[in-house]
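Chain identifiers are assigned alphabetically (A, B, ...) following the order of the sequence lines, protein sequences preceding nucleic acid strands; residue numbering begins at 1 within each chain. The figures that follow rest on heavy atoms only: side chains count, while hydrogens, waters and symmetry mates do not.
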Amino acid sequence: MLTTCNPRPRNTHPFIHHLLPHNLTTTSAAATPPPPPPQPETTLANLVLTTSPQTLTSALKNNPVQYTPELVTKTLKRLWNHGPKSLQFFKALSHHPTYAHSTATFDHAIDIAARLRDYKAVWALVAQMKARRVGPTPKTFAIITERYVAAGKPDKAVKIFLSMHHQDCPQNLHSFNTILDVLCKSRRVEKAYSLLKVFRGRFGADTISYNIVANGFCLVKRTPRALEVLREMVERGLDPTLITYNIVLKGFFRTGQIKEAWEFFLQMKKRKCEIDVFTYTTVVHGFGVAGEVKKARKVFDEMIGMGVLPSVATFNALIQVLCKKDSVENAIVVFEEMLGKGYVPNSTTYNVVIRGLCHAGKMDRATEYMRRMKEDECEPNVQTYNILIRYYCDDGEIEKGIEVFEKMGGNCLPNLDTYNILISAMFVRKKSDDLLVAGKLLIEMVDRGFLPRKFTFNRVLNGLLLTGNQGSRSKDFHFTGKPIGLGHGTSSFHTLKLLPQQIGEKGYTWHDEIDLIRMWKFLY
DNA sequence: ATAGGGTTAG
């Protein structure tokens, strides 16, 4: 049974702080050394986040900083998880007196607009790019088609590819292989294969084309089909390469065909194809995942004897395997060995170790490793934060999860996973207050350009309707379309109005704008 | 940003 509690006082709400710029958060007393000055892109990103759309253009103009495409690119990367803000920022700089966008900044803006499924904006940006003679380039089309495929429009993506030469963009084997890969990476391998069959003559499909499609079949665990495609390749006179063999090897592991993988690996060695670090990493990881830790280690040791040096990725594979199938302690031994040999761990290495520690219930040591990560000049990324948030919430320490969520604000913005993890956690305690938080998180995520899953949206809406939160409903609410602060001053009802368009699909417990207004009233 | 290895999950 859900209990009704008094809503939290507005100003102490936990979500107020996480968007504030770093330099505005309270600094603790003299004992701690002063933090290093923030990077220029951090300062700029924080300015964008705390400025309303209406005043952004002038705020940027008055900001005494030299805008360069490099700075703008870095800033757009930081704002990646706040699509609407990123685009406002990009547009506000479009008519700056001393700055001009580059190919890279246009590509970035196009990527963001496409991810928001704002295709009108995408093509408007392409037109601008053309007018300013900085594109579009093949990379631009790779971005656009990838987003169309990800949005469930692979046919549209193919059409775009087939007409890209009308946009002054070369259509050649290179771009053909790109579209094949785009389709395969989004699991549309059948479409890719059809395309290959139709156009292999016209573009002169090569080994790379076939490798892409074979790998596509492996990705969807259809290794036998991959082998057929490769047989066809050989029949057409194209020779497989080491990459081809590595693709097949990984394919066997992926489908759990450990025996076949091992046999294939032995054949690769016997036939004297120069096995490389990719091959070994695949085998170490594959055996480990299958629970054959001893064999994984043996192969790891063997590679050094064969004169193939492990890479950071090889170490990451072994460390992960030990975490999952052996013990975190042994994994950390390898981690330290790695450091001793002069390797520089990357964020994946740290995330693997941190996840291992969390999984073993050692949350404090996980946090310690996160601190160590920062000292190593390897800033924790969204994944790092998501790991900690997830495990705290799974352990029932929801307050701690929220604490981590708040802390990430200054360094990186939450992504879709972060919101999904936290919103689900808001249902475990069956507390009415938690549902209010879930509602705010839902609105915040929409505001930042993330489309909640239907399940999430319905769960939150129904939860709010059922738990008697009507107490905070205000009768004199009028819809004016005017921006209304969400608590941290970055949100607006105007943005919220986009939701009906975004979720105007089947499956949402959604009738019209009224539902949203009701939700809004529950929350504010 | 033309292909292969390492993070997460049911």
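Contacts with DNA chain B (heavy atom under 4.0 Å) in residues 184-205 of chain A: K185(A), listed by number. Within residues 285-292 of chain A, the residues approaching DNA chain B are H285(A), by heavy-atom distance under 4.0 Å. Taking every heavy atom of residues 244-259 of chain A and every atom of DNA chain B, pairs under 4.0 Å involve N246(A), I247(A), K250(A), R254(A), by number. If you check residues 299-319 of chain A against DNA chain B, the residues with a heavy atom closer than 4.0 Å are S311(A), V312(A), A313(A), T314(A), N316(A), listed by number. For the contact set between residues 154-164 of chain A and DNA chain B, defined by any heavy atom under 4.0 Å, there are no members.
Summarising the geometry, the separation between CG on L238(A) and P on dA3(B) is reported as 18 Å, rounded to the nearest angstrom. Between the CG atom of N177(A) and the C1' atom of dT2(B) there is a distance of 5 Å, rounded to whole Å. Rounded to a whole Å, the NZ atom of K221(A) is 13 Å from the P atom of dA9(B). Between the OH atom of Y391(A) and the P atom of dT7(B) there is a distance of 13 Å, rounded to whole Å. R390(A) has its CZ atom 15 Å from the P atom of dT7(B), to the nearest Å. Rounded to a whole Å, the CZ atom of F264(A) is 16 Å from the P atom of dG4(B). Rounding to whole angstrom units, CG of residue D417(A) and C1' of dA9(B) are separated by 10 Å. One can place CG of N172(A) at 10 Å from C1' of dT2(B), the figure rounded to the nearest angstrom.
A donor-acceptor contact closer than 3.5 angstrom links the side chains of T281(A) and T314(A). Judged purely by distance below 3.5 Å, without hydrogens or angles, the side chains of T42(A) and R78(A) pair a donor atom with an acceptor atom. A donor-acceptor pair shorter than 3.5 Å cannot be found between the side chains of Y392(A) and E399(A). Side-chain N/O atoms of T349(A) and N346(A) include a donor and acceptor closer than 3.5 Å. Side chain to side chain, E329(A) and S327(A) fail the donor-acceptor criterion of an N or O pair below 3.5 Å. Checked by atom type, the side-chain pair E302(A)/Y280(A) shows a donor-acceptor distance below 3.5 Å.
For T281(A), the listed nucleotide lying nearest its side chain is dG5(B); candidates were dG5(B), dA1(B), dA9(B). Comparing atom distances between the D111(A) side chain and each of dA3(B), dG6(B), dA1(B) picks out dA1(B) as nearest. Across dA1(B), dA3(B), dG4(B), the shortest atom-to-atom separation from the side chain of N211(A) is found for dA3(B).
Applying the ring pair (Phe, Tyr, Trp, His ring centres under 6.0 Å) definition to pairs two or more places apart or across chains, those involving residues 308-341 of chain A are F300(A)-F315(A), F315(A)-Y343(A), F335(A)-Y350(A), F335(A)-Y369(A). For the side chain to side chain donor-acceptor pair (under 3.5 Å) condition, the pairs that include at least one residue of residues 240-251 of chain A, sequence neighbours left out, are N211(A)-T244(A), T241(A)-T244(A), N246(A)-D276(A), N246(A)-T279(A).
Across all strands shown, D276(A) has heavy atoms under 4.0 Å from base atoms, whether or not it also approaches the sugar-phosphate. Within 4.0 Å (heavy atoms only), L173(A) reaches no atom of the nucleic acid at all. Nucleic acid contact for D206(A): none, since no nucleic acid atom lies under 4.0 Å from a heavy atom of the residue. Residue V277(A) is in base contact, counting any heavy-atom pair closer than 4.0 Å across all strands shown. Nucleic acid contact for T348(A): base, since at least one base atom lies under 4.0 Å from a heavy atom of the residue.
At a threshold of 4.5 Å between non-hydrogen side-chain atoms, the residues R254(A) and F252(A) do not count as touching.
Taking a cutoff of 4.0 Å between a charged side-chain nitrogen and a carboxylate oxygen, D111(A) and R115(A) do not qualify as a salt bridge. R372(A) has a carboxylate O that lies under 4.0 Å from a charged side-chain N of E336(A), or vice versa, which qualifies the two as a salt bridge.
Taking the ring-ring contact (aromatic ring centres under 6.0 Å, His included) definition, one finds that F161(A) meets it with F203(A), sequence neighbours left out. Listed by chain and number, the residues in a salt bridge (charged side-chain N to carboxylate O under 4.0 Å, His left out) with E274(A) amount to none (sequence neighbours excluded). Residues forming a ring-ring contact (aromatic ring centres under 6.0 Å, His included) with W80(A) (at least two apart in sequence, or on another chain): none.
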Output a table of donor-acceptor pairs, distance under 3.5 Å, between side-chain atoms of residues 216-223 of chain A and any protein atom two or more places apart or on a different chain; print 'none' if there are none.
{"unit_1": "R222(A)", "atom_1": "NH1", "unit_2": "E190(A)", "atom_2": "OE2", "d": "3.0"}
{"unit_1": "R222(A)", "atom_1": "NH2", "unit_2": "E190(A)", "atom_2": "OE2", "d": "3.3"}
{"unit_1": "T223(A)", "atom_1": "OG1", "unit_2": "G251(A)", "atom_2": "O", "d": "3.1"}

Which atom pairs, one a donor and one an acceptor, fall under 3.5 Å between side chains of residues 120-136 of chain A and the rest of the protein, sequence neighbours left out?
{"unit_1": "W123(A)", "atom_1": "NE1", "unit_2": "Y148(A)", "atom_2": "OH", "d": "3.1"}
{"unit_1": "K130(A)", "atom_1": "NZ", "unit_2": "Q167(A)", "atom_2": "OE1", "d": "3.0"}
{"unit_1": "R132(A)", "atom_1": "NH2", "unit_2": "S94(A)", "atom_2": "O", "d": "3.4"}

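Residue Q383(A) places none of its side-chain N or O atoms closer than 4.0 Å to OP1 or OP2 of dT7(B).
Exactly one residue among L451(A), L416(A), N415(A) makes a side chain to side chain contact (heavy atoms under 4.5 Å, CB included) with M445(A). That residue is L416(A).
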